[in-house]
Structures are given as structure tokens and as C-alpha cells.
Amino acid sequence: MPGPTTEPRNGRRRVAVVGVALSDCGRVDGPTPYALHAQAARRALADSGLDRSVIDGFASAGLGTLAPVEVAEYLGLRPTWVDSTSVGGSTWEVMAAHAADAIAAGRANAVLLVYGSTARADIKARRRTSNLSFGARGPLQFEVPYGHTLVSKYAMAARRHMHEYKTTLEQLASVAVQARANAAANPDAMFRDPITVDEVLSGEMIADPFTKLHCCIRSDGGCAVLLAAEDHVPDTAKAPVWILGSGTSVSHTTMSEWEDFTVSPAAVSGRIAFERAGVTPADVDIAQIYDAFTYMTLVTLEDLGFCAKGEGGAFVEKGRLLRDGELPVNTDGGGLSACHPGMRGLFLLVEAVRQLRGEAGPGRQVTKRGGRLPEVAVASGTGGWFCSSGTVILGR
């Protein structure tokens, strides 16, 4: 089939990612979340080579009473287009889709997406405690009193997949092992020492079948992504990474309303994104997938179409997710090893862009046959307990 196109469609402007950056990540005890937002934003703007005056759109969530108004004020921005969509970990893919549509339609010219959190430092300093649930109002009131926590919901879904398709604990554990292997060469990753399947399986039980290493880490950190109309691309410091297509979807909030624990909303957002991008999963060179738990990676790979439903276990256990594997996944180490400050979706976009640009660094950069750089990437975020999904296809 023909490769992806970045030609204007129906008179709409093309949209590119022109700047990406991380703030300090991992163990960051000093700065406030606002400071991490600012650090990431400054670095992303510098990465783009554009002047801050081009930014007329701003998107942020998770900080302040009037997000993103408070964060924009802190950054000294006065945007005329804003987005504060908050759907958990998929927030940033959904925001990227909104921003790309706004830029394509001429509603904005350059939109800055920023996130920052001191989730780890706040707990260490006793400024907050760990939350067991998202709240006890609305539909959640029927589950929370019985101890139905976030991790237990993912654990139930994983157990259902194991029952339905004979997925094994060893296969789930291999996801964590490969994420750690990918993190080994990432100087920004919080955990880089290798782990084994046996170590994952023998760890402290968190929620059956998840032991500690099946679960994401808790870190501090932030990042920023700048999207701009094609008009600005000639002025950017680096080659653009184009938004080829995107899709969003929501599924449920009450577990009893989830029709099938083995299917995530990525099955819908992915299909839409691939159709709009004009590519298929076979065209994808790298995948950045939300991985708060090992099961998320496995089932999202199925739902995006990289393997058939029920074959995720066999797919992940053969080293395919490694940097030099058949389908490199979470090449920075993901939320399981690199960083997870609370909502990780924006980090997926940063890593995808860096890989497509060839900027991942020694021992970490993915290459295709002949040493060529990857050309197409997918970033797929998940929110809540598979409640929402946003999928973005990017290409050079």
C-alpha cells in the first residue's frame, strides 16, 4: 500500500509536532509542579526554534483550580484557544487530537501541551497520601465502599483475559522485563537495572495477579509538546513530525457497564486513527503505549491490531517489544521503568517524536533495516481503568 501522506486534505492545514522536551524527571524533590511545567515548556520552545509569540493555544490538565488558566498565567501566556480535557492517562492524546483539529481548521496556529507533577515528592514529604480511588460520588459510589481500587480493576481485567485466552503470568511478566531492558540505555529512566521474569513473579503481591513489578513506578516529572501549523515549519529548528491521524473513544466508568474486560477502548480509537492516517498497523515502526500495568500493554497491542484478540500473550513473550525487536514498544522504558508522575500520556508523544527524529541517543535509537530511521509511530494513551483512549499516528 502507499505510504502515509502529509498532503492537505479538504483544504485543511497540515499539523506538525515542532518541539518536545522533558523537565527534570525521576526523583525531583525541590521544584513545584508549576516549576516543572515551566521547565518543560521552555525546553520544548527552545527545541522548536520558534518564538513564544507564535503560541496562541494552550492545553493542560491536572493542576490548579482553573486549569489550564492558572498554568498559562504562570507561564506568561494569554492563549485564545484552550483545552482542559481531563480523561486520565489518555488526556494528552485526546488533547493532541483536539489541538490538531483546531490548527487544521485555522482556530489556532501553535498549541502548547504541558504537564508536570511531583507525585512522588509530595508523598515523600507527606504533603499528600496515596489515593485508593478517584472518588466516591456518582456511579463510583456503588464500587468504592467495597474496596474496589484502581489497581484491582485492572487486575480483574487481567484475570479475565487469562481465563478467556489462557494468557500466562509469565507472559505478563515479560512485558515488565522488556520495559526494563529498554530503560537500561535511557539516562532519564528512574529504574535501569535488569529484572527477570522470576523476579517479577516473586515480588510483593499488590492485587492478584499483579505483583509490584507488574505495576508502574511513582515518579516526579513533566514534559511539553508544541504543535504548529505547516506555515511555521520553515522556521523551526528541526524537521517536523506530522500528525497523520488521531482517534478518541470512551468506554465505561462502572465496571458492570464494561461489556468485555478483554477489550479496551483502544479498539475504537485505534481503528479511527489508522483510518484517518491512511496507514495500517503493519506500517508502524514503533509504538508508545500507556503501561500503568503490564496487562495494559498486552491488551492495547491486541486492540490496535498488532496481533489478534487473545494472541497478545504469545506476541509479547518473544522479545518483540525490545528496542531491536519486531515492534519496539515503550522504547524509553515506559511507566513500568522510566517515569510515571500520574498521567503519562504526554510522555508517549515526546518519546515517539524523538525516535522518529533520530534523537533517542546511543544504544536507544530504533533503526530499521539498513540503518534507516523509523517513519511511522503510534502513541496510544489509556485513562481510568480502560475508561478512555486516545490514539495518535505520527510520521516523518
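Quantities reported herein were computed from a predicted structural model and do not represent experimental measurements.
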For the atom pair CZ (Arg323) and CD (Gln178), what is the distance rounded to the nearest 0.5 Å?
-> 13.0 Å

Test salt bridge (Lys or Arg N to Asp or Glu O under 4.0 Å) applied to Arg357 and Asp47, step by step | CA-CA 12 Å; Arg357 285 177 173 176; Asp47 184 64; 2.7 Å; yes

Point-to-point distance, once rounded to the nearest 0.5 Å, from CD1 of Ile217 to CG of Leu336 = 8.5 Å

Paired with Arg159, the side-chain contact (heavy atoms from CB on, under 4.5 Å) test is passed by just one of His161, Met156, Met162, namely Met162

Is it the case that one hydrophobic cluster holds both Val378 and Leu394, taking links as side-chain heavy atoms less than 4.5 Å apart, direct or via other members?
-> no

Could you give the distance from CZ (Arg344) to CG (Asn330), rounded to the nearest 0.5 Å?
-> 6.0 Å

Do Asp220 and Arg27 pass the salt bridge (Lys or Arg N to Asp or Glu O under 4.0 Å) test, and can you show the C-alpha distance, the side-chain angles, and the key distance before you say yes or no?
-> CA-CA 6 Å; Asp220 308 309; Arg27 300 173 180 87; over 6 Å; no

Straight-line distance of Leu356 CG to Leu373 CG, nearest 0.5 Å = 8.5 Å

Output yes when a side-chain donor or acceptor of Asp303 lies under 3.5 Å from a complementary backbone atom of Ser264, and no otherwise.
-> yes

Nearest non-hydrogen partners of Val350 and Ala21, listed with the distance | CG2-O, 4.1 Å

Going only through I, L, V, M, F, W and Y residues with side-chain contacts under 4.5 Å, is there a path from Leu112 to Val69?
-> no

Going from CD on Gln355 to CD on Glu375, what distance comes out if it is rounded to the nearest 0.5 angstrom?
-> 14.0 Å

The residue among Arg276, Arg13, Arg12 that forms salt bridge (charged side-chain N to carboxylate O under 4.0 Å, His left out) with Asp101 is Arg12

Taking everything shown except Lys368 itself, do over 12 heavy atoms lie less than 6.0 Å from its NZ?
-> yes

Examine distances only and state if a side-chain atom of Gln288 and a backbone atom of Ser380 form a donor-acceptor pair shorter than 3.5 Å.
-> no

Could you tell me how the ring of Phe347 sits relative to the ring of Tyr115: parallel (under 30°), tilted (30 to 60°) or perpendicular (over 60°)?
-> perpendicular

Arg78 atom CZ, neighbour heavy-atom count above 12 within 6.0 Å | yes

For the side chain of Asp122 and the backbone of Arg127, is there at least one donor-acceptor N/O pair under 3.5 Å apart?
-> no

Would you say the ring centroid of Tyr154 lies under 6.0 angstrom from that of Phe386?
-> yes

Give the intermediate values and the outcome of salt bridge (Lys or Arg N to Asp or Glu O under 4.0 Å) for residues Glu351 and Arg364.
-> CA-CA 11 Å; Glu351 178 64 13; Arg364 216 169 74 70; 2.8 Å; yes

Cation-pi, Phe315 ring and Arg320 (6.0 angstrom, 45 degrees) = yes

Salt bridge (Lys or Arg N to Asp or Glu O under 4.0 Å) between Asp260 and Arg160, intermediate numbers included = CA-CA 9 Å; Asp260 188 340; Arg160 185 63 199 181; over 6 Å; no

Determine whether the aromatic ring centres of His37 and Tyr74 lie less than 6.0 Å apart.
-> no

Hey, could you give me the CZ/OG1 distance between Phe306 and Thr300, rounded to the nearest 0.5 Å?
-> 10.5 Å

Applying the 4.5 Å side-chain criterion to the ILVMFWY set and letting contacts propagate, would Val28 and Tyr34 be lumped into a single cluster?
-> no

Go through the steps to decide whether Asp332 and Asn186 satisfy the test side chain to side chain donor-acceptor pair (under 3.5 Å), and finish with yes or no.
-> CA-CA 6 Å; Asp332 62 345; Asn186 180 9; 4.9 Å; no

Centroid separation His340 to Tyr290 less than 6.0 Å = yes

